[in-house]
Protein chains: 2
Amino acid sequence: MTLACDTCPVRAKAACSALTDEERSALARLGRTRELKRGERLFAAGDEITACATLIEGALKVAATDAEGNESILALVHPAGFIGEMFAPFPSYEVTALTDSRVCQFSRAHLEAAVERHPALGIALLQRAQEDLHSARELLDLSRRKTAAARVAGLILAFARAASDSPCHPAESFDLPLTRGEMAAMLGLTIETVSRQLGELEAMGAIARKGARGIALVTPAQLGELAV
Amino acid sequence: MTLACDTCPVRAKAACSALTDEERSALARLGRTRELKRGERLFAAGDEITACATLIEGALKVAATDAEGNESILALVHPAGFIGEMFAPFPSYEVTALTDSRVCQFSRAHLEAAVERHPALGIALLQRAQEDLHSARELLDLSRRKTAAARVAGLILAFARAASDSPCHPAESFDLPLTRGEMAAMLGLTIETVSRQLGELEAMGAIARKGARGIALVTPAQLGELAV
DNA sequence: CGAATCTTTGAAGAATGTCAAAAGCTGTGG
DNA sequence: CCACAGCTTTTGACATTCTTCAAAGATTCG
C-alpha cells in the first residue's frame, strides 16, 4: 500500500512535518499505511520485530496486561501521535486500536536512518517524546489521587480539555472516548467504582449524562475541586 | 563555577558524551555546576526561568505536590540522567535532591542551540527521553497493582535490580534509597501501609531486614510472584 | 428483533486509610 | 561518652472506602 502524504490529514502536525516534501516522499516510499479495526493490535509486548508508527486517524491505547488478564492503560494516542521505542530491543507494551484507525508504519532501521540524515526529524521526535513523558506523568499523578471521586473527576476534566477546540477552556459537552472498563484501567479502579462515581457526580450536580457516553459539564469548578 | 568535563564522573554516559571533546568544552563554557543539599529544590513547578540539567552525582526526585501538601513522586533521577522540559513553557513539576547532589545546568536557549548545531546531541536526548518515558510507564503500571503487597514487592525488586551491577540479576542485599514516606509517595500508599507490608514480607520469609533501610532478598522468586 | 456487550445497582466482605502513641535511629553539643 | 531533640519507623484500634460477587437494565450492531 502506497502512502499519500499529499492528502494526509496529519501532514502538518506529525513528526514528518519537520521534513521537506521531497524528504518526506523519500521516507514515505519506505513505509506503508495499515488499517486497524477496533480492538485490533498494532504491536504486542515481546514482538521480535520492532516497528514505529504515526497515527493518522482513530485512537490507540498503550497498555500492559498482567497474568490474570487485567489491563492497565498507560497512554492514549491521538492522530499525529508517534508510537514506537527506537532504542529498546523489543516492544514493552501492547498497542491496540480503541476505534477503527489508520497508521503510517516504518521499520525501526529506516526511521533511524532518516533521523541520522535529517536532524529536524530527530528534534521533532524529541519534542513528541517529551510531551509523551509529560502525559505519562500526569496520568501517574491522576492514578494516585487518594479517592475514586478525585480520579474520576480528574479524568473527566482531562477528556473535556481534550475534546475542546480552545486549549484553555474545557468542552462543555462531549462523548466519553472510553468504556467504563477502559476508564477503570486508566485509573486503577474497578468498572463498578467508576460507574458509581459517575452516578455520584451527576447526583451532586457536577455533570449531566446523556446515555452511557454523553457528558455535559454543569459545574466545572466543582469538578475541579473534587479532582483536588 | 567552571565545568571540569575532563574529570566528570558521568562523561561517558551523559547525553553530552555524544559530542566531541571540543564541542563539549564549548557547551561547558555556557553552563555551570550547582551543588544541592538533601532536600534542596532544583526546579519548582511554575518557575519562570526554564533550565535543563544533567545529574552528575547524587539522586533527585521529580514530584507533584497537591494543595494539601501530599507529594506524588513521578520519577527518580540517577547520575547521567537529564532533567528539563525543552519545549514546555515552564516546569511542570518540582525537582528535589534526595541526597546531596551535583548537577551540570544549562539555560534552555543554550541547549536548544547546541541541539541544532549537533544532531548527535539531539539523538542522545531522544534516547534518554524514550527511556524516561519507559520508566514512567513502568511506575504507572506498578502504582496501579491491585494490592499493597504487590506494589511494595515490585518496588523492592526494582530497587534490587537498580542496585545490582549485572543488568539481569537483582542485588541480593542493598539499602533502600528512600524513606517509607517516599516509597509511599511512589506507590500511592500511606507510610503505615508500606511499613506493614515490609513487615509482612519479612514475616513470610521473602526478605530480611537490617535496620530501617537494609534489605536482603531471601526468596526472590517469592517476591516476583507477590509482585504479580 | 435478538444476541452480545456494556452499564448500573445492591449487599457483604476485605483492604487500606486515619488517628494516636510508642519505639528506634541520627546527629549535635555538652 | 552520654544525653537529648528531632525525625523516622513501627504498632494498634477503628472507620471508611473500595472490591467482589451477583443480577438486572441499557445500548449497540448485525
Side-chain angles (χ1 to χ4, degrees), chain A residues 37-39 61 66 68-73 96 98-100 142-156 175-204 207-215 226 228, chain B residues 37-39 66 68-73 98-100 142-156 175-204 207-215 226 228:
Chain A
K37 290 211 202 65
R38 177 170 180 278
K61 64 181 172 187
D66 70 15
E68 287 106 42
N70 300 307
E71 183 180 75
S72 178
I73 295 182
T96 311
L98 284 167
T99 65
D100 293 354
L142 187 62
S143 296
R144 283 196 201 135
R145 299 267 219 288
K146 291 157 293 299
T147 65
R151 295 186 203 174
V152 172
L155 188 63
I156 288 177
D175 278 0
L176 292 170
L178 301 181
T179 66
R180 297 289 181 276
E182 288 162 343
M183 290 171 67
M186 281 194 80
L187 297 174
L189 299 171
T190 60
I191 292 178
E192 296 92 327
T193 300
V194 172
S195 177
R196 277 186 256 262
Q197 292 300 332
L198 286 173
E200 291 263 318
L201 289 176
E202 185 170 37
M204 68 203 305
I207 63 171
R209 287 188 288 177
K210 180 167 276 178
R213 296 293 189 94
I215 295 282
L226 287 167
V228 177
Chain B
K37 291 210 201 66
R38 178 171 180 280
D66 69 16
E68 287 105 44
N70 300 306
E71 183 178 77
S72 178
I73 296 182
L98 284 167
T99 65
D100 293 354
L142 187 61
S143 296
R144 284 197 200 132
R145 300 267 221 284
K146 290 159 295 298
T147 65
R151 295 186 203 173
V152 173
L155 188 63
I156 289 178
D175 277 1
L176 291 171
L178 302 181
T179 67
R180 298 289 182 275
E182 289 161 343
M183 290 171 66
M186 281 195 80
L187 297 174
L189 298 170
T190 60
I191 292 177
E192 294 92 328
T193 300
V194 172
S195 177
R196 276 186 255 262
Q197 292 300 331
L198 286 173
E200 291 264 318
L201 288 177
E202 185 170 38
M204 67 203 302
I207 64 172
R209 286 188 289 176
K210 180 166 276 178
R213 296 294 189 94
I215 295 284
L226 287 167
V228 176

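Protein chains get the first letters and strands the later ones, always in sequence-line order, with residue 1 at the start of each.
Side-chain atoms of Arg151(B) come within 3.5 Å of backbone N or O of Leu187(B) as a donor-acceptor pair. Side chain of Thr190(A) to backbone of Ala184(A): no donor-acceptor contact under 3.5 angstrom is found. Not a single donor-acceptor pair under 3.5 Å links the side chain of Asp100(A) to the backbone N or O of Lys37(A).
Considering only residues two or more places apart in sequence or on other chains, Arg209(A) meets the side chain to side chain donor-acceptor pair (under 3.5 Å) condition with Glu202(A).
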Notebook entry, point to check: Nucleotide by nucleotide, 5' to 3', does protein get under 4.0 Å of the base (B), only the sugar-phosphate (S), or neither (-) in nucleotides 4-17 of chain C, counting heavy atoms?
Noted result: ---SBBBB----SS
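Evaluation of the salt bridge (Lys or Arg N to Asp or Glu O under 4.0 Å) test over residues 181-194 of chain A, restricted to residues two or more places apart or in two chains, returns Lys61(A)-Glu182(A).
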